[in-house]
Structure formats: C-alpha cells, structure tokens
Amino acid sequence: QVQLVESGGGLVQPGGSLRLSCAASGMIFSINAMRWYRQAPGKERELVADITSAGRTNYADSVKGRFTISRDNAKNTMYLQMNSLKPEDTAVYYCNTKIYYSSYWGQGTQVTVSS
C-alpha cells in the first residue's frame, strides 16, 4: 500500500525557514518522480516543485530562488527546504506521486507565515 506522510509544518515569522519532509512507503521510491503541491483556503491547488528520479528539479516562479526540493533515495524521503518565507506562502502543503493512472497524496502539513 502506497503511503506518503508529510511532516515539518508549523508557524513561522516572515523571513523565516521551514524544512518539510515526505516519507514514502509501499512503492519503489527511487524510480518515481515526486512533487510538492500547496493549497490555501478558497484557492486552487498549485504545483510548487517537482523532482524526477534522476534528480532534475522544477519550481513555480513564486518560489524560485527561495525553495529547494531534494530527495534521499536511501531514506525513501523527499524534502522541501523553504527559506525567506512570505505570508503568501501560507497553505497546506501536500506530497504527491503518480503511478500509472493513480495519484497518491499525503495528509498534508500546515504552513503558516505570520507575525
């Protein structure tokens, strides 16, 4: 059974940093592309960053230069390092992967950026 579990969210002041983790199980992690999405209340879910099995990365323009996606295949874990956080980064952040026709999601972790 594929399971994705996010952790690392919380409350942080503007300009601060957080490191999110996504622990995967029930899949061959090393061959799958992985993605981070986020969704704020009343907003559409948006793709934040993705990383291929080979380690190639892409970022939304809104986070480029501030966020870094990475993966550790030995630990079956994906990370999102978030620096210089802004109030508009406030959202629930979700881990995602796709296996054939099925998409799998974690439970989400709340990130709140506020003074």
Side-chain angles (χ1 to χ4, degrees):
Q1 297 181 0
V2 176
Q3 290 190 343
L4 303 172
V5 180
E6 301 99 334
S7 61
L11 175 63
V12 65
Q13 294 184 347
S17 297
L18 285 172
R19 182 179 172 87
L20 306 183
S21 298
C22 171
S25 61
M27 58 182 282
I28 306 176
F29 180 81
S30 62
I31 67 173
N32 266 46
M34 302 291 295
R35 298 172 176 86
W36 285 103
Y37 285 83
R38 68 185 182 187
Q39 187 168 26
K43 304 289 186 180
E44 292 289 328
R45 185 178 62 192
E46 65 172 334
L47 178 64
V48 176
D50 63 72
I51 184 166
T52 70
S53 61
R56 180 172 292 277
T57 60
N58 288 287
Y59 299 91
D61 288 342
S62 59
V63 307
K64 193 172 298 181
R66 300 187 297 120
F67 291 10
T68 302
I69 188 172
S70 62
R71 65 193 298 160
D72 186 339
N73 289 341
K75 297 181 178 180
N76 288 354
T77 302
M78 175 180 65
Y79 304 96
L80 186 67
Q81 178 67 47
M82 305 186 296
N83 299 326
S84 302
L85 283 162
K86 305 174 180 179
E88 50 263 46
D89 294 319
T90 296
V92 178
Y93 284 71
Y94 296 94
C95 177
N96 167 263
T97 194
K98 184 177 180 180
I99 304 175
Y100 292 102
Y101 296 113
S102 299
S103 289
Y104 297 89
W105 300 87
Q107 82 287 350
T109 186
Q110 176 71 50
V111 172
T112 303
V113 185
S114 177
S115 299

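Heavy-atom basis, side chains included; hydrogens, waters and symmetry copies ignored.
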Student: Please find the pair of heavy atoms, one from Ser103 and one from Asn96, that lie closest to each other, and give the distance.
Tutor: CB-ND2, 3.9 Å

Student: Quick one: which residue pairs count as a ring-ring contact (aromatic ring centres under 6.0 Å, His included) with a foot in residues 37-56, not counting sequence neighbours?
Tutor: Tyr37-Trp105

Student: Which heavy atom of Ile69 sits nearest a heavy atom of Ile51, and at what distance?
Tutor: CD1-CG2, 3.7 Å

Student: Could you give the side-chain donor-acceptor pairs of residues 11-35 under 3.5 Å, partners two or more places apart or in another chain?
Tutor:
{"unit_1": "Ser17", "atom_1": "OG", "unit_2": "Asn83", "atom_2": "OD1", "d": "2.9"}
{"unit_1": "Asn32", "atom_1": "ND2", "unit_2": "Thr97", "atom_2": "OG1", "d": "2.9"}
{"unit_1": "Asn32", "atom_1": "ND2", "unit_2": "Lys98", "atom_2": "O", "d": "3.3"}

Student: Which residues satisfy the side chain to side chain contact (heavy atoms under 4.5 Å, CB included) test with Asp72, sequence neighbours excluded?
Tutor: Ala74, Lys75, Tyr79

Student: How would you list, by chain and number, every residue that makes a side chain to side chain contact (heavy atoms under 4.5 Å, CB included) with Lys64, sequence neighbours excluded?
Tutor: Tyr59, Asp61

Student: By the side-chain hydrogen bond (donor to acceptor under 3.5 Å, both in side chains) test, which pairs, at least two apart or in different chains, include something from residues 84-95?
Tutor: Arg38-Asp89, Arg38-Tyr93, Arg66-Asp89

Student: Going from CZ on Arg71 to OG1 on Thr52, what distance comes out if it is rounded to the nearest 0.5 angstrom?
Tutor: 7.5 Å

Student: Sequence neighbours excluded, which residues qualify as side chain to side chain contact (heavy atoms under 4.5 Å, CB included) partners of Ser53?
Tutor: none

Student: Starting at CE of Met78, measure out to CD of Glu6 and round the result to the nearest 0.5 Å.
Tutor: 8.0 Å

Student: Which heavy atom in Gln39 sits nearest to a heavy atom in Lys43, and how many Å separate them?
Tutor: NE2-O, 3.1 Å

Student: Is Tyr104 linked to Leu80 within one hydrophobic cluster, defined over Ile, Leu, Val, Met, Phe, Trp and Tyr using a side-chain heavy-atom separation of less than 4.5 Å?
Tutor: yes

